[in-house]
Structures are given as structure tokens and as C-alpha cells.
Q: 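Structure below; questions to follow.
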Amino acid sequence: MSKYDVIVIGGGIIGSSVTYYLTKLGNKVLQIEKEDITRGSAGATDGVVGYHTKKPGAQMDLAVQSIKLFDTLSEELGEDIEYYRHCGGMQPVEDKEQWDILSKIVEEQRKSDVDIEMISIEKALEIEPELNPNLYGALYSKTGGKVNPIKLTYSFNHAAKRLGAEVLLHTEVKDVIVEGGQIKGVKTENEEFYADKVVNACGAYSAKIGEMVGLNIPIKPRRGQLIISEPIGEFMTATLQCARYNIIKFNPDSIKDKNVLKLGSSLSIEQTEEGTLVIGGTREFVGFDKENTLEAIEVMLKRAIEFFPAIKDLNFIRAFAGLRPYTPDGLPLLGEIDKVKGFYMAAGHEGDGIALAPITGKLIAELITYGKPSYNIDDFNPNRFEL
């Protein structure tokens, strides 16, 4: 009989982080992934590690704790995760209305003692000279960082395995075993694995795992499309989103254009170490459809050219999409489910999974191992919803 202390379902950035920290604390851990590491959202995202995209309050405070951990992660995990601490994070605004909305958001964000400010377009151009000079101004955080999300996920995975974790890939969990309201393990196509604790770290697919134990988990997929350019020379330093990114995320009622709301169309753009530009900016409720659409690609590229006119003649070499795990209040579900003893949630981070991965793994591991995490996560308690 295969018996473990904890079984982690999900091989993405959150599942791999949870597996690593659990194993680091001495647990015997099995991680199960139905496809391969990074085949989900972790392989279809940018690598923003900054405060300026976080919801003011509890999520921002959690991000502060998580971003501190990035400073030593490469050394701790034994691999280069391509983390750049002070590349900066910027959100240019197009008009005074956007400026006023972002200014109010920044005022709330700064209550968490983070370095975010509103700057003039002249100052923004000093930082990013390729920006369109006709823009109005920008939100800016000089301490914003970025990481390679694929390398980060694999580094967690490799470090966990070196510490003794077992990882099953291309293995789908078909059912979760529950007896008398207590977790007992999971069933795959051909085998059963036993543990008194199971972590649901399946991102956008977490609700499907929840159904196996009779729960209605309020996480649903939200598609984000991206397109990649050919490699070019040094073009930009900061990770950049247009002002709509935060406005759609935190204040969608202020968006009057129905097409903008349907696509959730904003702009995110950053340059990788290899020189490619990663351009994204959609938030679409289309179920589990991960196909790219010409409509979204056209909107993203037109918007990118509006902000960076110099890229109009670039070649773009591929496009892809990922599913973000959306929750109704914009906060992840972290902790044990009251209705099913031993069933833990670590999902629902939507577009913030990369930045919040280290602290999520660390705190869930502490909660499971010690019964209490080192940082209060009551605001993320999954039982705040009627499950």
C-alpha cells in the first residue's frame, strides 16, 4: 500500500511550491499531475513579481511577504530562476480619468508600505524611452521585479524531488477517497494512493477536484492570451501593463466599452532574457477553451503599438493562452475545508500565482505540518464561501 503524509494534486507553480515546502519540513509527499510540469498556467504567463498589480489590503500584504522570499530562492532551490529584483513595474495611463482611478488605487496600495507612486509622462520616458510620449503619465514601482515562471516552477519541482518528494506525471486523479468526512487518499486510473491530507492545487481546474468530495468551489477559468515576438536588442527594462490592467481587475464598473469588458482587454508587456517581447492582456470567461483568437491577438498588438510605436514592424513568432483561476472576491483560497477534514485548498490566485507562489507553499506547508502558519491567512480562508 502506497502511504504518504500528504498528496498534492496539481503540477503547476502553486502545486510545486507546496510540494517543495512540505517536503522541506519533513513530510512524505506525493505530487500528482495529469499532464506535465508547467503545462498549465505556469507555462502560459508572464513573470511579474511586483506589488503594483496586487489588490490593496490582504492580497497586497501577502505579496509583500512573498516577494521577500524571492531574494534567496535561486540559492535555496539550487537553480537560476532568472529573478531580477529591481527592473521596475509601470502602468502608463492614457488620460486624466485613468490617472484619477489609478491614483485612488495607489493611495490604498501604499497603506501596505510599498514603493508605488504616480509619475509624469516625462519621468516615465526617462525610465522607458520607447514609450509613446503622448501618454498622460504612469503608475510606477521601482522595486518591481520579474522571474522566469517556467524555470521557477521546475526549480521547485527539482528541489522537492532532491529532498525525497515523489512526482507522478501524466497521471490523472479520478477520485478523492473520503471516509466519514475524513480524507483517506486518491484514486487514479490504475492505482490508489493513501494519505490523511490532500492539497487541491489545481488552479483553474480546482472546482473539478472539489466536486469529487462534494464541494462547490467558486473557482472558474479566465483565459489570458499572449503573443511572443522575435528576439530583439535591449528594448525595455520594466514589466509594463497599461492602466486598464488594474482598472479591469479592481474597478471594472468604470469600463463602459462592452468589447473591452468582454475580452478584458488591457496590455501587459515585458522583455525576456532572450530578448523576446511577451505581450498579453486579456481576461475572458470562455470556459476551459485555451485556443487563441484573431480578435484578441489583433487587439493586443494594436494596443502594444499604441504604447510602444517602435514595435510596429516586429515579427511575432507564436501565440498561446492559459487559464487563470478566478475567484469572486479576487483572493485565493488557502487552508483546510471545514466540511472535509484533511482537504486543503491552495488555488484561486488568478494572475498573481507567480508572485504569490513562494509564500503560498510555505504557509500551506506550515499549516499542514504544525497546525498553524507563521503568517495569518484568515482573509484567504476557503470557508468564507458557502461550499
Q: Same hydrophobic cluster for V6 and Y21, using side-chain heavy-atom links shorter than 4.5 Å among ILVMFWY?
A: yes
Q: Given 3.5 Å as the limit, does a donor-acceptor pair link the side chain of S66 with the main chain of I359, or not?
A: yes
Q: Side chains of Q241 and S268: is there a donor and an acceptor less than 3.5 Å apart?
A: no
Q: Can you name the closest pair of heavy atoms from I121 and P133 and give their distance?
A: CG1-O, 3.8 Å
Q: One pair to check against salt bridge (charged side-chain N to carboxylate O under 4.0 Å, His left out): R162 and E79. What are the steps and the verdict?
A: CA-CA 12 Å; R162 286 195 298 270; E79 297 180 25; 3.7 Å; yes
Q: Look at the aromatic rings of W99 and Y136 and report parallel, tilted or perpendicular, splitting at 30° and 60°.
A: perpendicular
Q: I'd like to know whether Q109 forms a side-chain contact (heavy atoms from CB on, under 4.5 Å) with L139, so could you lay out the CA-CA distance, the side-chain angles of the two residues, the decisive distance to 0.1 Å, and finally the verdict.
A: CA-CA 12 Å; Q109 289 175 323; L139 173 158; 4.2 Å; yes
Q: So, K111 and E108, do they make that salt bridge, N to O below 4.0 Å?
A: yes
Q: Begin with the C-alpha distance, continue with both residues' side-chain angles, and end with the deciding distance and a verdict on side-chain contact (heavy atoms from CB on, under 4.5 Å) for T272 and N148.
A: CA-CA 8 Å; T272 68; N148 184 320; over 6 Å; no
Q: Might you point out which heavy atoms bring T239 and G145 nearest each other, and give the distance in Å?
A: CG2-O, 4.0 Å
Q: Considering only NZ, NE, NH1 and NH2 on the basic side and carboxylate oxygens on the acidic side, decide whether R303 and E94 come within less than 4.0 Å.
A: yes
Q: Just by distance, no angles: are the side chains of S112 and D61 close enough, under 3.5 Å, to form a donor-acceptor pair?
A: yes
Q: Do the side chain of D379 and the main chain of L331 share a donor and acceptor less than 3.5 angstrom apart?
A: no
Q: When rounded to the nearest 0.5 angstrom, what distance separates CZ in F156 from CD in Q31?
A: 11.5 Å
Q: Is there a side-chain contact between I297 and F316, using heavy atoms and a 4.5 Å cut-off?
A: no
Q: Just do the side-chain contact (heavy atoms from CB on, under 4.5 Å) check on L168 and F193 with the steps written out, would you?
A: CA-CA 11 Å; L168 279 181; F193 300 92; 3.5 Å; yes
Q: Under a 4.0 Å N-O cut-off, is there an ion pair linking K302 with E306?
A: no
Q: If you define the side chain from C-beta out and look only at heavy atoms, does anything of V278 sit under 4.5 Å from I269?
A: no
Q: Judged by atom type as modelled, is there a donor-acceptor pair below 3.5 Å linking the side chain of Q225 to the main-chain atoms of T293?
A: yes
Q: Mind running salt bridge (charged side-chain N to carboxylate O under 4.0 Å, His left out) on K24 and E76 for me, showing each step along the way?
A: CA-CA 11 Å; K24 182 181 177 183; E76 179 177 344; 2.8 Å; yes
Q: Is a side-chain donor or acceptor of D95 paired with a backbone partner of E97 at a separation under 3.5 angstrom?
A: yes
Q: Side chains of S103 and M118: closer than 4.5 Å at any heavy-atom pair?
A: yes
Q: May I ask you to check whether E192 and Y194 show a side-chain donor-acceptor distance below 3.5 Å?
A: yes
Q: Which heavy atom of F70 sits nearest to which heavy atom of P358, and what is that distance?
A: CE1-CG, 3.5 Å
Q: Side chain of R222, backbone of P325: donor and acceptor closer than 3.5 Å?
A: no
Q: Keeping K54 on the side-chain end and G50 on the backbone end, is there a donor-acceptor pair under 3.5 Å?
A: yes
Q: Is any NZ, NE, NH1 or NH2 atom of the basic residue among K372 and E366 found under 4.0 Å from an Asp or Glu carboxylate oxygen of the other?
A: no
Q: Any idea which heavy atoms bring I364 and V18 closest together, and the distance?
A: CG2-CG1, 4.1 Å
Q: Can a salt bridge be assigned to the pair K96 and D100 using a cut-off of 4.0 Å between side-chain N and carboxylate O?
A: yes
Q: Between K184 and E179 (salt bridge meaning N to carboxylate O under 4.0 Å), is one present in this structure?
A: no
Q: More than 12 non-hydrogen atoms from neighbouring residues, nucleotides or ligands closer than 6.0 Å to CD on E291, yes or no?
A: no
Q: Is K151 paired with D80 through a side-chain N to carboxylate O contact shorter than 4.0 Å?
A: no
Q: Has S155 got a side-chain atom pairing as donor or acceptor with T153's backbone, closer than 3.5 angstrom?
A: no
Q: Is it true that the side chains of N157 and T19 contain a donor and an acceptor less than 3.5 Å apart?
A: no
Q: Side-chain contact test, heavy atoms from C-beta onward, threshold under 4.5 Å: evaluate it for I177 versus K187 and give yes or no.
A: yes
Q: Evaluate the side-chain proximity of E336 to F343: yes if any heavy-atom separation is below 4.5 Å, no if none is.
A: no
Q: Could you tell me the separation between the OG atom of S16 and the NE2 atom of H158, rounded to the nearest 0.5 Å?
A: 9.5 Å
Q: Do Y20 and Y375 land in one hydrophobic cluster if side-chain heavy atoms of ILVMFWY residues count as linked below 4.5 Å?
A: yes
Q: Which value, rounded to the nearest 0.5 Å, describes the distance between L73 atom CG and I81 atom CD1?
A: 4.5 Å
Q: Do T53 and Y245 have side chains that get closer than 4.5 Å, going by heavy atoms?
A: yes
Q: Measuring from E117:CD to H52:NE2, what's the distance to the nearest 0.5 Å?
A: 13.0 Å
Q: For residues L314 and I232, determine if any side-chain heavy atom of one lies less than 4.5 Å from a side-chain heavy atom of the other.
A: yes
Q: Do any N or O atoms from the side chain of Q59 and from the backbone of K55 form a donor-acceptor pair under 3.5 angstrom?
A: yes
Q: When you group the ILVMFWY residues by side-chain heavy-atom contacts below 4.5 Å and let the links chain together, are L363 and Y344 in the same group?
A: yes
Q: For K197 and K341, run side-chain contact (heavy atoms from CB on, under 4.5 Å): C-alpha distance rounded to whole Å, both residues' side-chain angles, the deciding distance at 0.1 Å, then the answer.
A: CA-CA 8 Å; K197 298 178 179 67; K341 186 171 175 57; over 6 Å; no
Q: For the side chain of S141 and the backbone of D115, is there at least one donor-acceptor N/O pair under 3.5 Å apart?
A: yes
Q: Kindly indicate whether the side chain of E295, heavy atoms from C-beta on, has any atom under 4.5 Å from the side chain of L263.
A: yes
Q: Can you tell me if Y140 and E128 form a side-chain donor-acceptor pair at under 3.5 Å?
A: no
Q: Does one side chain, of E284 or T282, offer a donor that lies under 3.5 Å from an acceptor on the other?
A: yes
Q: If only atom types and distance count, is the side chain of K28 paired as donor or acceptor with the main-chain N or O of K3 below 3.5 Å?
A: yes
Q: Under the 6.0 Å and 45° cation-pi test, does R283 pair with Y326?
A: no
